[in-house]
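As structure tokens, the structure follows; a few thoughts come after it.
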Amino acid sequence: MMAISTTRFPARRLIWGLLPLACLALLMAFAIGAAVGETAIPLATIFKTIGNRLFGLDYPLDPIDAGIIWNYRLSRAAVAACVGAALAVSGVILQTLLRNALADPYLLGISAGASTGAVAVAILGIGGGMVSLSLGAFAGAALAFILIALLAGRAGSGPAQIILAGIAGSQLFNALTSLIVTKSANADQARGIMFWMLGNLSGVRWADFQLALPATVAGLLACLWHARALDGFSFGRDSAASLGIPVRRVQLILIGMAAFMTAVMVSLVGSIGFVGLVVPHAARMIVGTRHLLLLPTSALTGALFLIMSDVISRILFEGQVLPIGVVTALIGAPAFALILIRYRKPQ
Amino acid sequence: MMIDARNVSWNAGAKPVLHPSSLTVQPGETLGLIGPNGSGKSTLLRLLAGLRASRSGSVRLNGRDMAKLPRREIAKQIALVEQQAETADLIRVRQVVELGRLPYLKALGRQCGTDHDAVTKALDRVEMIHMADRFWHTLSGGERQRVHIARALAQEPAYLLLDEPTNHLDIKHQIGILGLVKALPLTTVMVLHDLNHAIRYCDRLALLHEGKILAAGPAEKVLSPALIRQVFEVDAQIEPGADKENPTIRFKARAA
């Protein structure tokens with residue numbers, strides 16, 4: 001009898017086996033992200049470009065190819081990776097702390113709030129140039145979450161109420177964004193509605209990465225530091241408190257972190273849906289529910305998912321780039337339906 | 001070594017759920033909180049556990065004000081078993097019990113041998129060691145409650161607080177859980193619905209009615225026919241058991 005009890009869930013060994021594999025997968029995703037596009041570039045050229053840029057090697061290369069790879073495609077893949085990781089980690093946090101399998105920054109209206117905040121700064125000029133796009137996005141994201149939490153609280157705080165309040169919030173903030181963008185009446189900016197609501201990675205450069213990477217790393221580290229506390233939320237808030245977790249402080253810090261990461265990503269690439277919903281569930285299937293494993297796995301899976309979604313958005317229709325949110329929604333909406341069925345109340 | 005609640009009270013919004021009340025949990029005893037639905041017993045239990053901030057007075061744990069103690073310190077002293085705490089997580093029995101070690105673990109520290117032993121001992125104590133690798137969602141209601149108790153025991157507390165631990169269990173599992181709890185060498189406070197369970201398994205009872213503690217003391221004294229009629233609005237008759245150990249309460253609904 002004791003022998004059975006000492007067999008431990010071999011999660012740790014599993015992750016050490018998967019780690020090199022995961023790094024390889026990420027590297028391959030970057031290579032594919034750099035190779036695919038209007039002009040296909042062979043993988044060998046891509047690795048040579050990376051070698052020249054990062055390790056000071058001296059391969060002879062066509063400067064135009066090298067420029068496309070480095071300045072356009074690799075920077076794009078790198079930002080996509082950060083956005084995917086940050087949204088996936090935000091999804092884990094919200095699902096765990098709100099005890100809701102359907103929570104994600106997009107469905108809860110946090111992304112919509114961030115869009116409104118960014119648009120208010122960019123187009124209305126709120127803050128008079130003193131406020132950056134990201135800061136505006138964060139203010140919008142925080143405001144949206146507070147409004148939605150208040151509404152859900154008044155409506156009874158059940159899992160359904162949180163999602164319904166999120167839908168109400170998303171609709172409101174998306175309407176505000178459309179209103180601001182349309183009112184600006186400039187055809188170029190009007191096209192921006194698509195950007196803010198469905199996300200778009202074209203036009204991102206290394207400067208964007210310099211903002212995306214620290215935000216993602218900071219968010220992930222803060223969450224990892226609280227990984228054990230997050231485990232303690234398995235059976236709800238009171239249970240977590242009785243296990244010695246300072247519930248309010250953890251919720252404030254981590255939901256704040258989720259809002260911050262979402263806001264930075266939205267200010268860079270617009271709001272991209274379903275990444276924060278689908279990826280955490282996929283990651284749970286791979287490594288289980290322990291957050292010390294779940295968080296890095298989600299980050300990595302999210303990074304891969306978004307790089308590949310971006311590649312698909314570029315090759316699905318020849319000569320036309322789809323907004324990346326269309327691709328993530330095409331994958332995410334059916335996954336949402338599956339999760340709904342999976343988590344139905346047991347009879 | 002005691003939990004001492006003085007003049008504690010709690011409101012749900014503007015509605016008072018518990019009026020200022022005082023109660024002391026004596027070391028080593030099994031104290032039952034009884035009363036009709038909405039009488040404030042679960043609220044009192046949560047105040048004793050330090051999970052709710054009292055509107056007045058204070059709860060002292062071994063002489064120190066619980067409102068000023070870090071949550072982690074309280075969790076090393078007091079463990080709570082909620083009624084039917086559930087999860088949708090795909091989580092194994094051993095993992096659930098390991099949650100009980102959280103108060104002892106640093107943010108990034110790994111579990112050590114002591115933690116592992118405490119978990120195994122707790123699982124053994126509730127006779128669930130053979131199910132340690134089962135998934136939570138495959139367990140029956142009685143098994144889940146045992147795992148919750150094992151999780152609480154893994155906290156190595158001095159006090160075990162339980163909120164209606166036998167709710168929705170069949171009679172065999174009700175008696176199994178209460179017998180298990182009674183045999184633990186801990187100071188225990190539990191909210192109970194069944195007065196016969198209360199009289200059988202508790203040393204002392206606190207009877208709550210409309211947010212007030214109406215009586216507190218030895219079980220036989222608190223459960224008098226007069227008090228039962230006043231609080232539960234039923235006529236009751238108390239029959240001493242054949243061995244004088246197991247008195248039984250018989251109820252008769254009153255004619256309207």
Side-chain angles (χ1 to χ4, degrees), chain A residues 1-12 95-96 99-102 153-154 159 221-250 280-281 284-294 339 342-346, chain B residues 46 49-52 70-82 84-111 116 119-120 123-124 127-134 136-137 144 148 151-152 154-155 157 161 163:
Chain A
M1 264 166 89
M2 297 297 277
I4 301 168
S5 75
T6 48
T7 48
R8 303 286 303 277
F9 189 50
R12 248 169 230 280
Q95 284 164 20
T96 298
R99 303 302 313 141
N100 195 324
L102 298 175
R154 300 288 310 227
L221 287 181
C223 296
L224 279 175
W225 182 256
H226 289 96
R228 283 203 191 284
L230 286 165
D231 289 344
F233 279 82
S234 285
F235 289 91
R237 238 169 290 187
D238 271 358
S239 168
S242 77
L243 290 168
I245 294 157
V247 169
R248 273 174 193 280
R249 200 181 76 203
V250 170
H281 286 285
R284 273 190 206 97
M285 283 177 206
I286 305 171
V287 295
T289 52
R290 278 190 190 140
H291 286 82
L292 213 52
L293 295 178
L294 178 60
I339 295 161
R342 157 91 175 73
Y343 281 91
R344 68 161 180 230
K345 275 223 171 77
Chain B
R46 278 174 163 64
L51 287 180
R52 299 277 180 278
R71 281 243 54 95
R72 191 181 273 261
E73 290 312 308
I74 298 173
K76 289 176 184 173
Q77 291 286 318
I78 302 177
L80 174 74
V81 174
E82 292 177 274
Q84 288 191 304
E86 275 307 327
T87 184
D89 290 350
L90 197 63
I91 186 170
R92 285 173 202 272
V93 167
R94 177 172 279 276
Q95 278 177 281
V96 175
V97 180
E98 279 171 354
L99 293 176
R101 298 309 293 171
L102 283 176
Y104 298 93
L105 291 170
K106 295 225 169 65
L108 297 176
R110 291 184 62 165
Q111 292 190 44
H116 193 71
V119 169
T120 304
L123 276 166
D124 210 22
E127 292 163 15
M128 287 294 289
I129 194 90
H130 59 293
M131 295 199 182
D133 289 317
R134 286 268 296 270
W136 174 262
H137 65 267
R144 286 177 195 199
H148 275 311
R151 190 262 306 144
Q155 281 175 252
L161 274 49
D163 192 357

Just do the side-chain contact (heavy atoms from CB on, under 4.5 Å) check on Phe235(A) and His148(B) with the steps written out, would you?
-> CA-CA 10 Å; Phe235(A) 289 91; His148(B) 275 311; 3.6 Å; yes
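- With a threshold of 4.5 angstrom between heavy atoms, Ala227(A) does not approach chain B through any atom at all.
- There is no contact between Arg101(B) and chain A, counting heavy-atom distances below 4.5 Å.
- Separation of atoms CZ (Arg46(B)) and CG (Asp238(A)) is listed at 4.5 Å; rounding is to 0.5 Å.
- When each of Thr96(A), Asp231(A), Leu243(A) is scored by its heavy-atom pairs under 4.5 Å with chain B, the top score falls to Leu243(A).
- Atom OG of Ser234(A) sits about 8.0 Å away from atom CD of Gln95(B), to the nearest 0.5 Å.
- The pair Arg290(A)-Asp89(B) does not count as a salt bridge, with every side-chain nitrogen at least 4.0 angstrom from each carboxylate oxygen.
- A pairwise comparison of heavy atoms in Ala241(A) and Leu51(B) identifies CB-CD2, 3.3 Å as the closest pair.
- Interface check for chain A: of the options Thr87(B), Val93(B), Leu161(B), the most heavy-atom pairs under 4.5 Å are formed by Thr87(B).
- Of the two parts of Glu86(B), only the backbone, made up of N, CA, C and O, holds a non-hydrogen atom closer than 4.5 Å to a non-hydrogen atom of chain A.
- Annotation for Ser242(A) and Gln155(B): closest pair O-NE2, 3.2 Å, computed over non-hydrogen atoms.
- Residue contact with chain B, scored on non-hydrogen atoms closer than 4.5 Å, involves the backbone and the side chain of Ile245(A) alike.
- Residue Lys106(B) touches chain A through its backbone alone, counting heavy-atom pairs closer than 4.5 Å.
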Does the pair Met285(A) and Leu90(B) meet the rule for a side-chain contact (heavy atoms from CB on, under 4.5 Å), with working shown?
-> CA-CA 9 Å; Met285(A) 283 177 206; Leu90(B) 197 63; over 6 Å; no
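- Applying the salt bridge (charged side-chain N to carboxylate O under 4.0 Å, His left out) rule to Arg237(A) yields no partners; only residues at least two apart in sequence or on another chain are considered.
- Using a distance-only test at 3.5 Å, with no hydrogens or angles considered, no donor-acceptor pair links the side chain of Thr289(A) to the main chain of Ile91(B).
- Both the backbone and the side chain of Ala85(B) come within contact range of chain A, judged by heavy atoms closer than 4.5 Å.
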